[in-house]
Protein chains: 2
Amino acid sequence: MSENIVQRLRDQIENDIFSGRLPTGHRLDETKLANQFGVSRTPVREALMQLGAIGLIEIRPRRGAIVVEPAPHRVYEMFEVMAELEAMAGRHAARRHTSADCGTLLAAHEKCGRSLQAGDADAYYYDNDAFHAAIYEASHNDFLKEQCIALHRRLRPYRRLQLRARNRMDNSFAEHDRIVKAILNGNGDEAAAALRMHIAIQGERFSDLVAQIAAERGGLSG
Amino acid sequence: MSENIVQRLRDQIENDIFSGRLPTGHRLDETKLANQFGVSRTPVREALMQLGAIGLIEIRPRRGAIVVEPAPHRVYEMFEVMAELEAMAGRHAARRHTSADCGTLLAAHEKCGRSLQAGDADAYYYDNDAFHAAIYEASHNDFLKEQCIALHRRLRPYRRLQLRARNRMDNSFAEHDRIVKAILNGNGDEAAAALRMHIAIQGERFSDLVAQIAAERGGLSG
DNA sequence: GCGAAGAATCTTGCATACAAGAATATTGAC
DNA sequence: GTCAATATTCTTGTATGCAAGATTCTTCGC
């Protein structure tokens with residue numbers, strides 16, 4: 001499939017982490033992974049190194065790699081930064097967008113609307129990605145775009161949890177609407193504010209979720 | 001020195017790139033680098049991979065790695081993002097700083113002042129790093145801090161060029177002064193604005209520099 | 001003389017081997 | 001019975017070897 005083994009390994013391990021097959025704290029033994037995938041340790045090491053660079057796993061010298069679930073407060077921090085980056089993208093998009101950008105953005109927005117009406121959370125999830133990608137693109141700052149995509153990807157598993165929440169899809173779409181209007185009107189500050197809130201809400205929802213789980217666990221175990 | 005060869009190699013190659021010993025477009029031959037450093041190809045590969053993850057070099061499958069000087073407009077984009085991240089750090093620092101943070105920030109600021117009075121641009125350069133690091137720290141968002149440090153590091157060679165410019169050190173210190181006051185007063189918006197401008201100026205100065213060099217080159221070569 | 005096809009060479013990608021440090025188990029002392 | 005020290009095992013870090021793809025050089029055809 002992939003051109004080289006390293007990328008295939010990286011994607012596979014990444015998926016295994018996101019899907020929970022490789023739980024937090026799990027030790028990633030190079031030899032075992034190599035055997036498991038039927039390759040040698042060399043590409044495994046390189047794949048692990050790449051995952052370490054993203055921050056998905058922690059590589060401790062001479063002590064192997066472990067899966068790190070970022071502490072909840074860290075995920076919250078990441079949402080904070082994401083909110084600011086998205087706000088920046090929105091501000092620039094409002095000022096710099098071309099007519100082609102408008103078309104892409106509107107099309108993505110309408111696609112979200114159709115998925116919402118169909119009640120298809122999975123479809124909405126992907127359409128939402130495209131919607132945000134359109135904003136990054138319209139910001140006409142490629143470096144910003146890359147940073148946004150990387151962080152968006154990193155936060156993927158946490159966002160995915162949220163669309164299941166009651167009314168989240170409706171609210172999300174309403175927020176998108178405000179964002180689109182601001183960008184098309186060239187109102188950078190409004191676009192930034194709308195996007196910042198749109199993302200910040202997710203961070204807060206995540207925090208709520210963590211608190212809820214902690215409470216449940218507390219109730220069960222002590 | 002370093003614990004492992006890979007880190008040593010990574011730092012060395014990174015320095016060679018920043019210092020210009022390894023110019024843009026230079027092909028990084030694994031075998032040659034291995035011989036040069038007296039190690040095997042394995043750690044060289046891993047070091048190159050890490051540099052590729054940062055974006056300092058480009059790794060093309062089966063075709064080796066080359067040093068990529070980011071195009072000027074891309075550096076400008078990076079300064080734009082840096083400005084926004086610093087502004088965010090400043091806004092949070094203004095709201096969240098502890099008394100210990102204040103002490104560190106003030107100490108760093110005063111150290112900059114002493115280097116300025118001594119007319120020592122090199123010292124100022126390092127003190128400036130510490131000053132900004134103090135702000136990241138005071139933002140109490142570790143993820144943001146790490147992102148800032150990484151980008152700051154990435155932009156290092158371009159910042160270094162600038163302190164040589166006339167009056168830049170004086171102006172920089174004056175801007176620092178405004179930033180410190182805003183943070184200590186708890187004025188988040190003011191701190192953000194001051195920092196955004198502080199960094200944006202550098203991006204613009206970089207653009208000026210590029211334009212100037214381009215003009216000179218144009219005058220020479222046709 | 002110029003262009004294209006093929007061969008030779010060179011470089012990367014992966015596998016295997018070996019050495020050194022960390023984790024663990026075992027044994028001895030208290 | 002518990003703690004500590006040592007020995008053993010296990011894992012990582014680095015070196016080397018081999019195969020496949022890329023580049024370059026040579027040769028042949030036009």
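Every chain is numbered from 1 and lettered A, B, ... according to where its sequence line falls, protein lines coming before strand lines.
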Exercise. Among all residues two or more places apart in sequence or in another chain, which pass the salt bridge (Lys or Arg N to Asp or Glu O under 4.0 Å) test with B/Glu30?
Worked result: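 B/Glu30 satisfies salt bridge (Lys or Arg N to Asp or Glu O under 4.0 Å) with B/Arg41, B/Arg45 only.
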For this session: Would you mind telling me which of C/dA23, D/dG13, C/dC14 lies closest to the side-chain atoms of A/Val6?
Result: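 Selected nucleotide: C/dC14.
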Exercise. Looking at the rings of A/His73 and B/His140, which for Trp means the six-membered one, are their centres under 6.0 Å apart?
Worked result: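 Not under 6.0 Å, so no.
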For this session: Return yes if some donor-acceptor pair links the side-chain N/O of B/Glu77 with the main-chain N/O of A/Phe143 below 3.5 Å, else return no.
Result: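 Looks like yes, one N/O pair under 3.5 Å.
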Exercise. Can you name the ring-ring contact (aromatic ring centres under 6.0 Å, His included) partners of A/Tyr158, sequence neighbours left out?
Worked result: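 Testing A/Tyr158 for ring-ring contact (aromatic ring centres under 6.0 Å, His included), a comparison that skips the adjacent residues, returns A/Phe206.
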Problem set entry | Non-hydrogen side-chain atoms of B/His152 and B/Asp129 separated by less than 4.5 Å |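 Heavy-atom side-chain distance check passes, below 4.5 Å.
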Exercise. Cut-off 3.5 Å, side chains only: do A/Ser115 and A/Tyr125 have a donor facing an acceptor?
Worked result: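 No, no side-chain donor-acceptor pair sits under 3.5 Å.
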For this session: Identify, between B/Asp29 and A/Arg63, the residue whose nearest nucleotide on DNA chain C lies closer to the 5' end.
Result: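 Final value for this comparison: B/Asp29.
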For this session: Name the nucleic acid region contacted by A/Leu28, choosing base, sugar-phosphate or nothing; use a 4.0 angstrom heavy-atom cut-off, strictly under.
Result: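 Sugar-phosphate: the residue A/Leu28, judged by heavy atoms under 4.0 Å, touches backbone atoms but no base.
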Exercise. Within the structure shown, what part of the strands sits under 4.0 Å from B/Ile59 by heavy-atom distance: base, sugar-phosphate, or nothing?
Worked result: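 Result for B/Ile59 = nothing.
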Exercise. With respect to the phosphate group of D/dT14, does any side-chain polar atom (N or O) of B/Thr42 fall under 4.0 Å of OP1 or OP2?
Worked result: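 Answer no for this pair, as no side-chain N or O of B/Thr42 is under 4.0 Å from OP1 or OP2.
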Quick test: give all pairs of protein nitrogen or oxygen and nucleotides 18-20 of chain D nitrogen or oxygen below 3.5 Å, distance rounded to 0.1 Å.
from	atom 1	to	atom 2	distance (Å)
D/dA20	N3	B/Arg62	NH1	3.4

Exercise. Can you find a donor-acceptor N/O pair under 3.5 angstrom joining the side chain of A/Thr31 to the base of D/dT12?
Worked result: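 Looking at the base of D/dT12, it does not pair with any donor or acceptor on the side chain of A/Thr31 (distance under 3.5 Å).
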